[in-house]
There are 2 protein chains.
Amino acid sequence: MYSIGELSKRTKVKVPTIRYYEEMGLLSEPERTEGNQRRYDAAGLERLSFIKHARDLGFSIEAISKLIELQGHPDRSCQAASEIAVSQLSDVRAKIKRLRALEKELVRISKGCDGAGVSQDCYVLASLADHKLCRHEH
Amino acid sequence: MYSIGELSKRTKVKVPTIRYYEEMGLLSEPERTEGNQRRYDAAGLERLSFIKHARDLGFSIEAISKLIELQGHPDRSCQAASEIAVSQLSDVRAKIKRLRALEKELVRISKGCDGAGVSQDCYVLASLADHKLCRHEH
DNA sequence: GTAGTGTCTCTAGTAACTAGAGGTTCAAGA
DNA sequence: TCTTGAACCTCTAGTTACTAGAGACACTAC
């Protein structure tokens, strides 16, 4: 049996976050000691590792909830799980695309100004003030 | 003079968001009609366009505050503005890097499962449960 | 004058935590 | 067995950048 701190160390999930996951229904309520402290078993540890890994991959709490539900029904089709993963992937790709466009624009803006001048002539400020100076859409 | 709705249309910033920016100190308090409604002038419009553009580029409210402060002092060195832009750029690059790693991992996970099987054998779920199945760090 | 739309303030909600207060429990050493 | 200090408990509130809704008032066109 692990205390919440022990679980935290093993999974690298902070203690208040573990309690938060419990409140959100991602973790089921663990046993308690006589003194009301949480004690987790191996299943709890595994479950939390799953959550941590999915969060690291950017899955939302909601998506993780659905995945956990599926885990609980091994006989059910895994189409939903596949869909969640694919949707997460397209999310990530959309974000990358957008960030690339921003990167280009920021490079252009930053290059125009070395920080040596005064704010009146600053290219950074001018670029932000006037969208027409931009080369790309964003 | 523009009403808040007029300003919203021209800048594509939603009305409640404009009020929010005012509350946050990004926009100075505009004149009011006798009936207490906001009326903006050209300077207000320009300022809001600046904010909108910077937000679209991912600058935080805090960063924008600093940039606006600089705009107000045309004689001051623009080093701070340059630093903010550069830091924003490295932020964006870090995010891209991380997202690329996630993309790779998600592609791998998704490929392993076509959604046809049952959840018990689902590669998506197995991958999430066991970090050791991952090829990359994240 | 009245109808309909726009605007006002205020409160509360979102996602996914994080921080802090004030109090209790546990485990190890004396 | 007692004590001490770290770990734990619950609860509330704060974070970022908004968004939604309630209930009331203002403005504009007919």
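Numbered from 1 within each chain, the chains take letters A, B, ... in sequence-line order.
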Subject >> Nearest-neighbour nucleotide for the B:I61 side chain, C:dC8, D:dC18, D:dC8 considered >> reply: D:dC18

Original post:
According to a strict under-4.0 Å criterion, is A:S60 in side-chain N/O contact with OP1 or OP2 of C:dA15?
Top reply: no

Subject >> Residue met sooner reading DNA chain C from 5', once B:V15 and A:K14 are mapped to nucleotides >> reply: B:V15

Subject >> Ion pair check, B:E105 and B:R108, cut-off under 4.0 Å >> reply: yes

Original post:
Which whole-number value in Å describes the distance from B:I18 CD1 to D:dC18 P?
Top reply: 12 Å

Subject >> Euclidean distance, atom CE of residue B:M1 to atom P of C:dT7 [Å, nearest integer] >> reply: 14 Å

Subject >> Sub-4.5 Å side-chain heavy-atom contact between A:R93 and B:V107 >> reply: yes

Original post:
Where along residues 20-49 of chain A does a heavy atom fall under 4.0 Å from DNA chain D?
Top reply: A:R32, A:N36, A:Q37, A:R38

Original post:
If you count the non-hydrogen atoms of other residues, nucleotides and ligands that lie under 6.0 Å from CD in B:E31, is the total more than 12?
Top reply: no

Original post:
With a 4.5 Å limit on heavy-atom distance, are the side chains of B:E69 and B:R76 in contact?
Top reply: yes

Original post:
What is the distance, rounded to the nearest whole Å, between atom CZ of A:R19 and atom P of D:dC11?
Top reply: 12 Å

Original post:
Considering heavy-atom distances to DNA chain C, does B:K9 or A:T17 have its closest nucleotide positioned more toward the 5' end?
Top reply: B:K9

Original post:
Is the CD atom of A:E6 crowded by more than 12 outside heavy atoms at less than 6.0 Å?
Top reply: yes

Subject >> Side-chain N,O (A:S3) to OP1/OP2 (C:dC26) below 4.0 Å >> reply: no

Original post:
What integer distance in Å separates A:D56:CG from C:dA16:P?
Top reply: 14 Å

Original post:
Separation of A:I64 atom CD1 from C:dA15 atom C1', in whole Å?
Top reply: 12 Å

Original post:
Got a sec, which residues hit side-chain contact (heavy atoms from CB on, under 4.5 Å) with A:S49, two or more places apart in sequence or on another chain?
Top reply: A:T11, A:L45

